[in-house]
A.B. asks: 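If you scroll down you'll find the structure; I have some questions about it.
Counting starts at 1 for both ligands and their atoms, following the listed order.
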Amino acid sequence: MGDSMTTSPRNGPGTGEVLLSVQGLVAGFDTDAGRVQAVDDLSFDIHRGEVFSVVGESGSGKSVTAMTIMGLLPTLKVSAGQILWHGRDLLDLPDEEMRAVRGNQIAMVFQDPLTAFNPVHTIGRQIGEAGRIHRGLSKKQARLEAIDKLGLVGIPEPHKRADMYPHEFSGGMRQRAKAAMAIMNDPDLLIADEPTTALDVTVQAQVLEVLVAIKDEIDSAIMLITHDLGVVAGLSDRVMVMYAGRQAELAGVNDLFYRTHHPYTLGLLASLPSLVGSDDEPLVPIPGSPPSLVHRPSGCPFHPRCASAEDPGRCASEVPQLRIVATDHLAACHFAEEVASGDRDPRTVDRGAEA
Ligand code: SF4
């Protein structure tokens, strides 16, 4: 579909056709307390075939980014930037054209699949609805395709399950069914916002595997949004870490885990149970909490919590720009190279192995 675009160095590494290109996005909400700058100067590309993960604590701007791409935040004020989809700026699309993109070319899997389904209609009917709306399928065609998609996401006996209601599905099955609904029209991009947070660990892994299998089956891309770096380790191609609405780090998954250049990413890694140190080593949470986006700290927004901050110095006065710090690796830290070498942050470990 459409022309491929070339990527710019600022948007990070990645190969293949660029499906989505977010460029210099600045957006926020007006509140009684002032403007909440939810997303500040965000740039990245998503390529066909990849799993692009966006990681950060609550309030980092990751979900706002996803909802802005989907055009689902009518109160959001975009003050700069573009969201190019196959070369067209989604921010300029009339509502009718945006509706044709949403659910058809770009689809979303939300965190809580129970609220995504209407309890009074069968699962099969609701999945088929997307095909009826966007492609004018007959009821019979829509049902057959819905059964086909339910089978694709690993629902056993899909022809029987299609006639069941949401409350008759387990949490894991509902999330699979939501994935089936999202792929009804073979979208080019599947945005999954915390798709497994409400599930237990075993089912989490199964659902994530299904999402990746779907991506390969329909030759699409996945934008996976999560607060948990552990979730992205095994299945991402590239990872973007966000903090206070800005990009902290963007790199291939192995580089991000093993050649970390940003203290915030190091903090997220140090709080993971299975990826850092031995089993006996205590987990180290990041001190403090994310800042208010109304009253953002001066300089680097992470400086009040950063163990590597220069105080007094550049960290509290100068906003670090996202820059190339190594091949195919971007970070927004004044001292990224020193952080990566271990000179500035004792948590930096040259793990010397692949994820
Ligand atoms: Fe920490 Fe300073 Fe780097 Fe910000 S710029 S992450 S405060 S060392």
A.B. asks: If we ignore angles and hydrogens, is there a donor and acceptor under 3.5 Å between the side chains of His303 and Glu310?
C.D. replies: no
A.B. asks: Nearest to atom 2 (Fe) of ligand 1, what protein heavy atom do you find, and at what distance?
C.D. replies: Cys315 SG, 2.2 Å
A.B. asks: Check this for me, if you would: do Asp95 and Arg102 make a salt bridge, where the nitrogen-to-carboxylate-oxygen distance has to be below 4.0 angstrom?
C.D. replies: no
A.B. asks: Please determine whether His334 has a backbone or side-chain N, O or S atom lying under 2.8 Å from atom 3 (Fe) of ligand 1.
C.D. replies: no
A.B. asks: Using a cut-off of strictly less than 2.8 Å, determine whether His303 has an N/O/S atom near atom 2 (Fe) of ligand 1.
C.D. replies: no
A.B. asks: For atom 3 (Fe) of ligand 1, what's the nearest protein heavy atom and its distance?
C.D. replies: Cys333 SG, 2.3 Å
A.B. asks: For ligand 1, which atoms sit closer than 4.0 Å to a heavy atom of Pro263?
C.D. replies: 1 (Fe), 6 (S)
A.B. asks: Between the side chains of Asp237 and His47, is a donor N or O closer than 3.5 angstrom to an acceptor N or O?
C.D. replies: no
A.B. asks: For Arg323, is there an ion pair with Glu337 - N to carboxylate O distance below 4.0 angstrom?
C.D. replies: yes
A.B. asks: Please work out which of the three classes, parallel, tilted or perpendicular, describes the rings of His262 and Tyr264, given edges at 30° and 60°.
C.D. replies: perpendicular
A.B. asks: Within the 4.0 Å heavy-atom shell around Ala309, which atoms of ligand 1 are there?
C.D. replies: 7 (S)
A.B. asks: For atom 4 (Fe) of ligand 1, what's the nearest protein heavy-atom neighbour? Residue, atom name and distance, please.
C.D. replies: Cys300 SG, 2.3 Å
A.B. asks: For ligand 1, which atoms, with element, lie under 4.0 Å from some heavy atom of Phe335?
C.D. replies: 8 (S)
A.B. asks: Quick test: of every protein heavy atom, which one is nearest to atom 1 (Fe) of ligand 1, and how far off is it to 0.1 Å?
C.D. replies: Cys306 SG, 2.3 Å
A.B. asks: So which bit of His262 gets within less than 4.0 Å of ligand 1, heavy atoms only: side chain, backbone, both or neither?
C.D. replies: side chain
A.B. asks: Output, in order, the C-alpha distance, side-chain angles, deciding distance and verdict of side chain to side chain contact (heavy atoms under 4.5 Å, CB included) for Leu293 and Phe29.
C.D. replies: CA-CA 10 Å; Leu293 297 180; Phe29 304 93; over 6 Å; no
A.B. asks: Is Arg238 salt-bridged to Asp255, going by a charged N under 4.0 Å from an acidic O?
C.D. replies: no
